[in-house]
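Not measured: the values here are computed from a predicted model.
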Amino acid sequence: MSQFSTTKIPELRTKRLVLRGPEPQDYPDFKATFSSYRSRFMGGPLNQYEAWMLYAAEIGHWEIRGYGMWMIHDADTDETYGMAGGWKPAGWPEAEIAWIIWPRVAGRGIALEAADCVRRYFYNERGWETAVSYLDPKNLDSIRLAERLGCKKDHEAPSVDGNDVVYRHPTPAQCRSSQIADAIAQEIGFYQNPNFKPEGWALD
């Protein structure tokens, strides 16, 4: 048993998913993804040392900021699917909502379901009034996902390094509106149906 404890990190649940704090035993899947082409829009691919340092930062972020990235687990099998949560390293203009899904489970709506879940937690339980997502302009899948979450490009917001685009999440009041909330709930409901087969691009 590791000395690291996630007991103070809240556990979040959806119909398909359980979100828990990152544990040392989750590292192999994280390393495999961040060492692969999948991570090209998030600073990767990383070498072994870089991947280890980033995962240590994921765990440490909870201690420093009081929030961070959850590991996404299947509610039935406990298989890990990726990560989603809040992220604000030193020097970043704002706290962001971020996500990454392991390549083998892409296209199943997991990122949408997890990102919606963590945003509701930050808004309803932590009192956040706003959030952004910093995205690579070439990362079309994540841009589409941000738009499906109701985000809009914020041309006035400072970026991290000038190479990203800033997508502003709708406010808590806007998220409670029937138009945004119902659209997200409807799409998540489609993906929760095991017989649903999305057409076109595989979107997270």
Side-chain angles (χ1 to χ4, degrees), residues 12 14-17 19 22 26 29-46 50-51 54-55 58 68-74 79-89 92 94-120 122 131-155 157 159-170 175 180-181 183-194 196-204:
L12 308 181
T14 70
K15 183 176 180 179
R16 293 188 297 172
L17 309 174
L19 279 65
D26 299 321
D29 282 330
F30 178 92
K31 176 186 174 184
T33 296
F34 273 89
S35 300
S36 74
Y37 187 65
R38 176 77 170 176
S39 67
R40 65 195 182 281
F41 298 126
M42 303 184 72
L46 305 180
E50 292 167 335
L54 180 57
Y55 196 67
E58 300 281 4
M69 299 285 285
W70 283 268
M71 190 66 65
I72 305 168
H73 296 262
D74 184 280
E79 177 187 1
T80 63
Y81 287 157
M83 300 187 80
W87 187 241
K88 190 178 185 293
W92 283 36
E94 298 184 57
E96 81 158 324
I97 292 174
W99 54 80
I100 187 167
I101 301 300
W102 308 156
R104 68 178 182 272
V105 295
R108 293 168 51 184
I110 292 167
L112 176 70
E113 190 169 336
D116 176 64
C117 178
V118 301
R119 184 171 68 185
R120 284 187 283 107
F122 287 133
V132 299
S133 289
Y134 298 108
L135 304 176
D136 189 300
K138 298 185 292 295
N139 189 352
L140 300 182
D141 283 354
S142 280
I143 288 174
R144 293 188 192 104
L145 176 56
E147 292 171 343
R148 287 151 60 208
L149 286 163
C151 304
K152 297 184 182 300
K153 188 182 293 187
D154 188 339
H155 298 278
S159 71
V160 173
D161 59 10
N163 296 314
D164 51 281
V165 291
V166 184
Y167 274 77
R168 175 76 54 186
H169 287 258
C175 284
I180 294 177
I184 294 172
Q186 183 180 50
E187 186 176 359
I188 290 173
F190 288 149
Y191 279 105
Q192 289 172 342
N193 180 348
F196 175 62
K197 303 296 183 184
E199 298 181 355
W201 286 295
L203 301 176
D204 290 336

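- The two residues Ile72 and Ile110 make their nearest non-hydrogen contact at CG2-CG2, 4.0 Å.
- Atom CG in Leu135 sits 5.5 Å away from atom OG in Ser142 (nearest 0.5 Å).
- With Ser133 contributing its side chain and Ile97 its backbone, the two residues share a donor-acceptor pair below 3.5 Å.
- Under the 6.0 Å distance and 45° angle rule, Arg104 does not count as a cation-pi partner of Tyr81.
- Heavy-atom minimum distance, Ile143 versus Asp136: CD1-O, 3.9 Å.
- Side chains of Arg148 and Leu112 form a contact here, defined as non-hydrogen atoms less than 4.5 Å apart.
- Rounding to the nearest 0.5 Å places NE2 of His73 at 8.0 Å from CG of Leu19.
- The CG atom of Asp164 sits 4.0 Å away from the OG atom of Ser159 when rounded to the nearest 0.5 Å.
- Formation of a donor-acceptor pair under 3.5 Å by the Glu96 side chain with backbone atoms of Trp87 is not found in this model.
- Salt bridge absent: Asp26 and Lys31 never bring a charged side-chain N and a carboxylate O closer than 4.0 Å.
- The side-chain contact (heavy atoms from CB on, under 4.5 Å) search around Lys152 returns none, not counting sequence neighbours.
- Nearest approach of Pro22 to Met83, heavy atoms of both residues: CB-CE, 4.1 Å.
- Smallest separation of non-hydrogen atoms from Ala114 and Ala84: CB-CB, 3.9 Å.
- Between Leu145 and Ala111, the shortest heavy-atom contact is CD2-CB, 3.6 Å.
- Ring geometry for Trp70 versus Phe122: interplanar angle of 30 to 60°, hence tilted.
- Separation of atoms CD (Glu147) and OH (Tyr167) is listed at 5.0 Å; rounding is to 0.5 Å.
- Judged by distance alone, the side chains of Tyr191 and Arg16 never bring a donor and an acceptor atom under 3.5 Å apart.
- Distance alone, capped at 3.5 Å, is enough to place a donor-acceptor pair between the Trp102 side chain and the Thr80 backbone.
- Arg120 pairs by the salt bridge (Lys or Arg N to Asp or Glu O under 4.0 Å) definition with Asp116, not counting sequence neighbours.
- Residues Thr33 and Ile101 come closest through the heavy atom pair CG2-O, 4.5 Å.
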Test side-chain contact (heavy atoms from CB on, under 4.5 Å) applied to Leu149 and Arg119, step by step: CA-CA 10 Å; Leu149 286 163; Arg119 184 171 68 185; 3.7 Å; yes
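- Taking the side chain as every heavy atom from C-beta outward, Glu113 and Arg108 never approach each other to under 4.5 Å.
- Salt bridge annotation for Lys88-Glu94: absent, with no cationic side-chain nitrogen under 4.0 angstrom from a carboxylate oxygen.
- For Asp154, the side-chain hydrogen bond (donor to acceptor under 3.5 Å, both in side chains) criterion is met by Arg168, not counting sequence neighbours.
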